Amino acid sequence: MTKRNWKGTTTTVVAILMGTSLLMNGQAYAASETSLTFTTTHNQDKQQKKHQNDLNLQQNIEEMVQDGTTFDPTPNMDSTTDNSQNKQLDAITAPSDQNATDSTSTPSSDIADQVIAKGLEYKGVPYKYGSSKKTTRTFDCSSFTQRVFKEVGVNLPRDSRQQSKVGQKVSKDQLQKGDLVFFRSYGSSSSRITHVAIYAGDNKLLHTYGKPGVTTTNFKGTSWEKRFELGRRVI
């Protein structure tokens, strides 16, 4: 029997196997490194895009500020998305309410003239406390104002205290034609409303009370001025 020497052959096989393993490990490492590089590059691109979007938004805000546009600087929790940035810009360009009508604005002169004209048509109609809003044969102070304003298309509550809560408050010095004027009881320090009239301009009140019924009286320098509580603008 011939003995074969496997020593050299074994060494060669081992070397081949080790080389193959090293080669495979090297390829795996290279693949891993390539994946890491790709992920890092992708994240950097994403961060650069976000940064650029933030810069664009900031530039838009600065331009709007320079143009005098008002905006709410409160941060948006979702401001990192394009959709949220658009919402922020919409909020920035939304119109403000600074031009809302205040209590000193002039009422419609045409409607005010109509109110006075309608009221004067009832001049001399008797006064009766608690008159029905359905009749024009008698009036109390608030059924008179309710009727006159209704005829020009303005609806008012039935009693004077309810009427004193509608519209815009005006002071005595701001009264204009067509404003409602409210009074407390004569000699009373209470602010409780007991009478209502219409300011007819030229220091005149158009209202109804007692014996004269529907009439006009002077305002300033009279007991009516001393009883004045507030004015309301409803037209």
Side-chain angles (χ1 to χ4, degrees), residues 96-235:
S96 66
D97 59 355
Q98 293 178 349
N99 294 324
T101 304
D102 59 24
S103 62
T104 62
S105 62
T106 303
S108 171
S109 58
D110 290 341
I111 298 179
D113 288 338
Q114 292 176 36
V115 167
I116 304 305
K118 290 291 183 180
L120 291 174
E121 291 178 5
Y122 295 111
K123 193 170 184 178
V125 172
Y127 172 87
K128 180 183 178 181
Y129 178 78
S131 290
S132 170
K133 65 179 182 180
K134 297 180 180 180
T135 183
T136 58
R137 294 194 298 267
T138 60
F139 293 110
D140 63 16
C141 64
S142 55
S143 71
F144 172 67
T145 53
Q146 184 187 47
R147 164 66 65 168
V148 171
F149 276 88
K150 182 179 180 179
E151 290 186 1
V152 298
V154 179
N155 294 320
L156 295 177
R158 172 59 182 86
D159 68 63
S160 58
R161 282 183 289 279
Q162 291 174 336
Q163 291 178 7
S164 69
K165 297 177 182 178
V166 299
Q168 297 173 318
K169 184 178 179 179
V170 293
S171 69
K172 181 171 59 178
D173 295 332
Q174 295 172 333
L175 289 174
Q176 297 177 1
K177 185 185 294 186
D179 289 343
L180 292 174
V181 191
F182 298 90
F183 304 88
R184 57 183 174 269
S185 296
Y186 182 78
S188 173
S189 59
S190 171
S191 60
R192 185 173 182 268
I193 302 298
T194 59
H195 185 70
V196 58
I198 303 169
Y199 188 71
D202 298 327
N203 195 37
K204 296 290 184 180
L205 297 174
L206 174 60
H207 53 161
T208 182
Y209 67 97
K211 291 183 179 181
V214 177
T215 188
T216 56
T217 58
N218 290 332
F219 174 48
K220 290 187 177 180
T222 69
S223 62
W224 292 110
E225 183 181 19
K226 295 178 181 178
R227 296 169 55 188
F228 173 84
E229 189 63 34
L230 77 156
R232 304 292 293 190
R233 187 158 298 156
V234 296
I235 56 176

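Predicted model, so just to flag it, every value in this text is computed and none were measured.
- In this structure, the side chains of Arg158 and Ser143 come closer than 4.5 Å at one or more pairs of heavy atoms.
- Note that CD of Glu229 is 12.0 Å distant from CZ of Arg161, once rounded to the nearest 0.5 Å.
- In this view, Ser188 and Ser185, Ser190 satisfy the side chain to side chain contact (heavy atoms under 4.5 Å, CB included) rule, not counting sequence neighbours.
- Sequence neighbours left out, the pairs with a member in residues 143-166 that pass ring-ring contact (aromatic ring centres under 6.0 Å, His included) are Phe139-Phe144.
- Using a 4.5 Å heavy-atom cutoff, the side chains of Asp140 and Ser142 are in contact.
- Listed by first and then second residue, the side chain to side chain donor-acceptor pair (under 3.5 Å) pairs involving residues 115-127 are Tyr122-Glu151 (not counting sequence neighbours).
- When the side-chain hydrogen bond (donor to acceptor under 3.5 Å, both in side chains) test is applied to Ser164, no partner is found at least two apart in sequence or on another chain.
- Side-chain contact between Arg137 and Lys128 is absent, with no heavy-atom pair separated by less than 4.5 Å.
- Applying the side-chain hydrogen bond (donor to acceptor under 3.5 Å, both in side chains) rule to Asn203 yields no partners; only residues at least two apart in sequence or on another chain are considered.
- Distance alone, capped at 3.5 Å, is enough to place a donor-acceptor pair between the Arg184 side chain and the Phe228 backbone.
- Considering CD of Gln174 and NZ of Lys169, their distance stands at 10.5 Å, rounded to 0.5 Å.
- A 4.5 Å side-chain heavy-atom check between Leu206 and Leu120 finds at least one atom pair inside the cut-off.
- Considering all non-hydrogen atoms of both residues, Ser160 and Ile193 come closest at OG-CG2, 3.8 Å.
- Atom CD1 in Ile198 sits 12.5 Å away from atom NZ in Lys177 (nearest 0.5 Å).
- Counting only N and O atoms by type, the side chains of Lys204 and Asn218 include a donor and acceptor under 3.5 Å apart.
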- Task: Show the numbers, then the answer: is there a side-chain contact (heavy atoms from CB on, under 4.5 Å) between Gln168 and Asp179?
- Result: CA-CA 10 Å; Gln168 297 173 318; Asp179 289 343; over 6 Å; no

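- Using a 4.5 Å cut-off on side-chain heavy atoms (C-beta onward), Arg232 and Val166 make no contact.
- We find the OH-CD1 distance between Tyr199 and Ile116 to be 10.0 Å, quoted to the nearest 0.5 Å.
- Partners of Lys172 under the side-chain hydrogen bond (donor to acceptor under 3.5 Å, both in side chains) rule, at least two apart in sequence or in another chain, are Glu225.
- Across all non-hydrogen atoms, the minimal contact from Gly231 to Leu175 is CA-CD2, 4.2 Å.
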- Query: When you look at Val181 and Trp224, which way does the side-chain contact (heavy atoms from CB on, under 4.5 Å) test go after all the steps?
  - Reply: CA-CA 10 Å; Val181 191; Trp224 292 110; over 6 Å; no

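- For Thr145 and Gln163, the side-chain atoms include at least one donor-acceptor pair closer than 3.5 Å.
- Phe183 and His207 have tilted rings, their planes meeting at an angle from 30° to 60° on a 0 to 90° scale.
- Ser109 OG to Gln114 CD: the interatomic distance, rounded to the nearest 0.5 Å, is 10.0 Å.
- Residues Leu180 and Leu156 form a side-chain contact, since some pair of their non-hydrogen atoms from C-beta on lies under 4.5 Å apart.
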